[in-house]
Amino acid sequence: MSPETRAPVVICGAGSSGATLALLLASRGIASIVLDRRRDPLTHPAAHVINARSLEIWREIAPDLAEQIAALSPPISEISLIRWMSSTTAPPLGEIDLLSDPERLEQVRSLSDFLISHVGQHLLMPVLWQWLDDEPLVEFRRGVSVRDVTRVEDGVVAKTDVGPIAAQYVIGADGANSPIRDSLGISLRGPVLARMASAFFRSPDLHPDDRPLLTWIYRPEFAGVLIAHADRHYVLMGTYLHPGQPIAADPDRYWRDTLPAVLGEDNSYDIVSTGAWTMTSQTAESFRRGRVILVGDAAHRFPHTGGYGLNSGVQDVHNLAWKLDGVLTHGADEALLDTYELERRPVVERFADHSVTNHFQLDAVTRHFGATNRALYRVTRLMGRAPLRWLPAGVAARVSEHLIRAGLARTAVLSQESPRALRARARAAAAIPLQLSHFVSTGLEFGYCYGGPMVDVDDRGRESSAADEVVEYSPCVVPGGRLPHVSLIATSDGRRSILQLVNRSPQTVTLITADAGSWRDRLRSGSTGPVEVDVVDIRTWCVDPERAETLLGLDRGGAVAVRCDGHVIWSTETSAASSAGDLVSFLETRWSPVFSTSTAPSHREKTAPSRREKESQP
């Protein structure tokens, strides 16, 4: 490689996906260069839902990082209300209180050390950027745009506006409009559902008493959702069809006029920023071209109705980081990287399906007063087709305004007192409880599963009811799924979850059992080649060993094999005498060939210890 600057991994984009990948790699001793076109973190909130699983992943980087992010979220009691309204001064059409079932909340608390959190991306990104700045193995370059990538014989060259940078691998974490993806000629597949615009503002007087997390508002002049953020900040989102409409062409003036009209003249509003984006459900036709790999929004885009965007990106890089570690420092075959897309694509497609379902399921409420997302989708497609797309910009903008207003006209019934109005409100209220899966998807949060050659998927695997559930998550061992959380006895190093007992070496499989001696004896007589098995005795670690044995199916001498990202690859409920040979055979045929060129973990060449290593030094 000819360029002067080089690194094992160059990450293009320092959003949540890119920043998380750099920190995960650093925690594994791998240096990277991170490039971002911005000089400062994002200030306009995009994502705001952070799943417990994302916090578990950040904990792998450092427990302090996960705790720092979790601390940004308000208490769960302050983010439990979802409300539908015609006006902030009128009685609600209905609402969902996510804390209305205390038993369910306690059950959710048992699933992880973390709860789902509400942290605006404008608060998250400064934290991640500070961690990038403080990490010796990350070289973070702000204000650098990547124009193109060129594959060369021994790697990739990223062409930037400040010169070329060579790497063994380049990661496209550069967002929904990814230049990296475009330079590779990779197209996106899927529909455009709507065009969205938003204002981020502070209003100290709005919602002085109970403050809903989300408020869906439907009026003849505006329909959209109000999202509550920290420090009395809010985001109000609405739709448009053409960039010439006032909401997109002159957003500052539009929102100055709209906020008082929609939310009330008596409240004060201080606009911080405005933005616009296209709501799509699109997935890249490929996540990888050779040594260039796409993650996060560069690989897939979802509607906001589900909160999967940021979280799926964090899951992407969690899946990818250990595989890059395996190839770069443990001698794994590059075919290991093929499993990244193989495993992640079905998961993100399932997330996309659920998000789209949620988007259109909102119509069960709004169809009673006319403002449906299906109608919005149809008219969005209409404006993008001939002959309407041939209209002059000014004419197209006026037509778009007319279509939006026409679509919202029937919402006027919500402010009336006629029998028809009473029926519309009653029917809308009856449909609101059916929206629960829009806001509660614990089954997908913890229950997403991986298939492919690195997992022993059988009839219990991806087809099991536990893996298919959306709202409810019933912890159990499912091949390809996350190892269920079990609390540990207090440890000197602060580990709290069984997930923290998993060995993080790519070529080491952690075997969890209540009969460690028998499994160790049986495994000594078999050969798993370069793949090591680290046997963990659950009775030594768990607060309630009997419950843990039952939960994990270990009460008859069985075992659960877990790879370094915490996902189950093999399990049995029978003893070592019956099943150790099956595990050895699985590892010999599926795992050993991937690491066949590996002996001991190879030397990692680096110029400085990682942040985690520095903090652990006396």
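All values reported here derive from a predicted model rather than from experimental measurement. Just so you know, these numbers use all the heavy atoms, side chains as well, and skip hydrogens, waters and symmetry mates.
Side chain of S579 to main chain of A576: no donor-acceptor pair is present (N/O by atom type, distance under 3.5 Å, no hydrogens or angles). Of the possible donor and acceptor atoms, one in the side chain of S27 sits under 3.5 Å from a partner among the backbone N and O of L24. A donor-acceptor pair under 3.5 Å is formed between the side chain of D316 and the backbone N or O of G296. S592 contributes a side-chain N or O that, together with a main-chain N or O of T528, makes up a donor-acceptor pair within less than 3.5 Å. Checked by atom type and distance alone, the side chain of T339 never pairs as donor or acceptor with a backbone atom of L342 at under 3.5 Å. A donor-acceptor pair under 3.5 Å links the side-chain atoms of T357 to the main chain of D353, judged by distance alone. At distances below 3.5 Å, at least one donor-acceptor pair connects side-chain atoms of R590 with backbone N or O atoms of V455. With hydrogens and angles ignored, the 3.5 Å screen pairs no side-chain donor or acceptor of E343 with any backbone N or O of Y450. At least one donor-acceptor pair under 3.5 Å links the side chain of T305 to the backbone N or O of S355. In this structure, the side chain of S117 does not engage the main chain of V119 through any donor-acceptor pair within 3.5 Å.
In terms of heavy atoms, A22 sits closest to L132 at CB-CD2, 3.8 Å. For the pair S312 and F351, the tightest heavy-atom approach, listed with the atom from each and the gap, is CB-CD1, 4.0 Å. V533 approaches L511 most closely through the heavy-atom pair CG1-CB, 3.8 Å. P593 and L587 make their closest contact through CD-O, 4.4 Å (heavy atoms, listed as atom of the first residue, atom of the second, distance). Between V478 and C449, the shortest heavy-atom distance links the atoms CG1-SG, 3.8 Å. Of all the heavy atoms in A66 and L55, the pair that sits closest is CB-O, 3.4 Å.
The existence of a salt bridge linking E546 and R539 is excluded, since no basic side-chain nitrogen approaches an acidic carboxylate oxygen closer than 4.0 Å. In this structure, R344 does not pair ionically with E349, as no charged nitrogen and carboxylate oxygen lie closer than 4.0 Å. Using a 4.0 Å cut-off between charged nitrogen and carboxylate oxygen, D325 and R504 do not count as a salt-bridge pair. We find that E341 and R288 are not joined by a salt bridge, their nearest charged nitrogen and carboxylate oxygen being 4.0 Å or further apart. The existence of a salt bridge linking R496 and E67 is confirmed by a sub-4.0 Å separation between a basic side-chain nitrogen and an acidic carboxylate oxygen.
In the model, D515 has a side-chain atom that pairs as donor or acceptor with a side-chain atom of S518 under 3.5 Å. N311 and S54 share a donor-acceptor pair across their side chains, judged by distance under 3.5 Å alone. One side chain, D97 or S80, offers a donor N or O that lies under 3.5 Å from an acceptor on the other. Residues Q315 and N319 have side chains that never bring a donor and an acceptor to within less than 3.5 angstrom of each other.
Between V138 and I33 the shortest side-chain heavy-atom distance does not fall below 4.5 Å. Taking 4.5 Å as the limit, every side-chain heavy atom of V10 sits out of range of all side-chain heavy atoms of V34. Under the 4.5 Å side-chain criterion, counting only non-hydrogen atoms from C-beta, V502 is not in contact with D565. With a 4.5 Å cut-off on side-chain heavy atoms, I569 and V509 count as touching. Proximity of L554 to V477: side-chain heavy atoms (C-beta onward) are nowhere separated by under 4.5 Å. Using a 4.5 Å heavy-atom threshold, the side chains of T513 and V536 count as separate. The shortest side-chain heavy-atom distance between Q168 and L328 falls under the 4.5 Å cut-off. L324 places a side-chain heavy atom less than 4.5 Å from the side chain of I171.
Taking a 6.0 Å sphere around CZ of R522, one finds it holds 12 or fewer heavy atoms contributed by other residues, nucleotides or ligands.
Classification of the H567-H318 ring pair by plane angle, with boundaries at 30° and 60°, yields tilted. Note on ring orientation: taking the six-membered ring where Trp is involved, the planes of H229 and H122 are perpendicular (angle over 60°, cut-offs 30° and 60°). Below 30°, between 30° and 60°, or above 60°: for Y340 and F287 the angle between ring planes is between 30° and 60°, a tilted geometry.
By the side-chain contact (heavy atoms from CB on, under 4.5 Å) test, S497 is found to be paired with R59, D113, H485, L499, Q500, residues two or more places apart in sequence or in another chain being considered.
Between F446 and Y448, the gap from one ring centroid to the other reaches at least 6.0 Å. Residues Y308 and H354 bring their aromatic ring centres within 6.0 Å. Ring-centre distance between H300 and F302: below the 6.0 Å cut-off.
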E573 vs R556, test: salt bridge (Lys or Arg N to Asp or Glu O under 4.0 Å). Steps then yes/no. CA-CA 6 Å; E573 295 183 355; R556 290 189 291 156; 3.3 Å; yes
Report the C-alpha distance between W58 and Q68 in whole Å, list the side-chain angles of each, state the deciding distance to 0.1 Å, and finish with yes or no for side-chain hydrogen bond (donor to acceptor under 3.5 Å, both in side chains). CA-CA 10 Å; W58 284 319; Q68 186 178 354; over 6 Å; no
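Among residue pairs with one or both ends in residues 482-494, those qualifying as salt bridge (Lys or Arg N to Asp or Glu O under 4.0 Å) are E56-R482, D493-R495; sequence neighbours excluded.
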